[in-house]
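As the structure is a prediction and not an experimental result, all values here were calculated from the model. We name chains A, B, ... by the order of the sequence lines, and we start the count at 1 in each one.
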There are 2 protein chains.
Amino acid sequence: MAENLPVNSLRTAFDILETLAARDGMSISELASSTERPKSTVYDHLVTLHELGYLVERDGSYQISSDFLRMGDVARQRLEIYQSAGEELQRLANETGEHASLTVEEHGKAVIIATEEGDEAIPVNIYNGIVMKMHTAAPGKAIFAHLGEDRVSEIVETHGLVERTENTITDRDDLRAELAEIRERKYALDDEERLMGMRSVAAPVIDRGGRVRGSLAIYGPTNRIDDELFREDIPDLLMRSANIVEVLMNYD
Amino acid sequence: MAENLPVNSLRTAFDILETLAARDGMSISELASSTERPKSTVYDHLVTLHELGYLVERDGSYQISSDFLRMGDVARQRLEIYQSAGEELQRLANETGEHASLTVEEHGKAVIIATEEGDEAIPVNIYNGIVMKMHTAAPGKAIFAHLGEDRVSEIVETHGLVERTENTITDRDDLRAELAEIRERKYALDDEERLMGMRSVAAPVIDRGGRVRGSLAIYGPTNRIDDELFREDIPDLLMRSANIVEVLMNYD
DNA sequence: AAAAATTTTCCGGCATTACCGGAAATCAGA
DNA sequence: TCTGATTTCCGGTAATGCCGGAAAATTTTT
């Protein structure tokens, strides 16, 4: 983090933007202390970002503008896997009644780029753009299993195998074994490895060139996702859907 | 546009980001010529943005990362009107079979921050974050009608009354009269004023303090939206929903 | 294969400007 | 109206964004 960037002011700008995204309606003084920068500097950036249209002033305080929504949406639209997965996500959510989501890897992290809520879906924090460590939940592991040995090591090197619950995989050899097993059986399981009380299942989506593009997943509370659902029914649904997405994806 | 900003490098950075959002998978050289800046400058920014995580390298070319999706989504979640309108949007889409959307004003423009597609919805370009001129379609006009004389003048001053179709309101007095009528009858109509073949209807959402927070709208093809739907049924649905959103919004 | 062409990455110097302390202006509350 | 807090503005300067050009890497052509 302490390293020098070619255009340092961008760090300041995005620091401010991220702070505003995290907590809303902050005053300049608050922003200044949160980002640990002089008020005048923060002010310069706020004025600039506002002028460019990326901030909006509402009720006397600054907020992130919908430009980010637009840019994010456009970027997402352009992902082939997103285009192809829409229908299946919806279907998975309907069939299971739980949260269904589409995840891709970016910068060594698992990013949820789309979610659909089934009728029973727990009102848990699963929203667009949320980022998770690769090793903690099923979607990340499903992708992880198909990334290639060195890329995995590289990512583990950078982000570590942080323990989230007592079930989290924190040992490299354990991870290696787990990933091999996932490759073997074609889907990944997370039994309260990221969050106590939550299980997730995921199947990778692999393109014609053999590269993993992302994964489809179902999340649900442990009490509802019994062993049969967890290890048989849901994996089957996911593998079916993943397969369909793979076919759709390779049309053009 | 030629004016000087306190932090000029941000213009460069967002120029690059917007260019990348618009056209995907551009090489550095292409980006340099598109943004009319030296390659080395573009390179500096790309490296910085990549390091910060806002760009992703895929297949040897840069793309906007899902961070924008996250930031946009978070910003949107924080809008009270968005929280309150979710259910109603869905319902409107179901009831009409057309596109239902939620629009707010930002920087004098109408921004669609949420859409739901009904069964019959035309596969038209209505997506999150899309920006329209206030005077062209129903959602913008519905908001416009409740902004206050001087704010309207200010916006018209800045953005003009650009003609999109032969039906577009391009005269200030006509606009003033139209807005008065909208206030009167409580909803706005757009009869192919923005796009030939498309009609839209919108109802404003006004908070307890009398301030307009946004509008609910239905879009559909002229041949399907006959006069009765256009002037009676859809307005009724929208006014009902807008009213519900208003109530929900003022709970806390 | 080698060479040529193109693109990407890197470097270094200079003019620019991002940064920030402090002052002025504005706002909020009593 | 006064007071305290916050926002806005200003100006000097150390830092750095910018960019030409060269090196490295990649792709295309012969």
Its 5'-most and 3'-most nucleotides having an atom under 4.0 Å from a non-hydrogen atom of chain A, DNA chain D is contacted over D/dT6 to D/dG17
Applying side chain to side chain contact (heavy atoms under 4.5 Å, CB included) to B/Val152 and B/Ile155, what does each step give before you reach the verdict? CA-CA 5 Å; B/Val152 172; B/Ile155 292 173; 5.9 Å; no
Can B/Arg176 and B/Glu181 be counted as an ion pair, charged N to O under 4.0 angstrom? no
State plainly whether the residues A/Glu246 and A/Arg208 are in salt-bridge range, i.e. N to O under 4.0 Å. no
Gap between atoms CG and C1', on B/Asn8 and C/dT17 respectively (whole Å): 9 Å
Compute both the distance and the angle, then confirm whether A/Arg185 meets the cation-pi test with A/Tyr187: under 6.0 Å from the six-membered ring centre, within 45 degrees of the axis. yes
Distance, rounded to the nearest Å, where B/His50 contributes NE2 and C/dT8 contributes P: 14 Å
In whole angstrom, what separates A/Asp44's CG from C/dC20's C1'? 9 Å
Five-pair end axes of the helix from C/dA1-D/dT30 to C/dA30-D/dT1, angle between them (10°): 60°
Residue pair A/Val47 / A/Leu55, side-chain heavy-atom distance below 4.5 Å: no
CZ (B/Arg23) with more than 12 external heavy atoms under 6.0 Å: no
Exercise: do A/Thr170 and A/Glu163 side chains pair donor with acceptor under 3.5 Å: no
Establish, yes or no, whether the cationic atom of A/Arg11 lies under 6.0 Å from the six-membered ring centre of A/Phe14 and within 45° of the ring axis. no
Toward the 5' end of DNA chain D, by each residue's nearest nucleotide, A/Ser9 or A/Tyr62: A/Tyr62
By nearest nucleotide on DNA chain D, pick out whichever of A/Lys39 and B/Thr41 is the more 5' one. A/Lys39
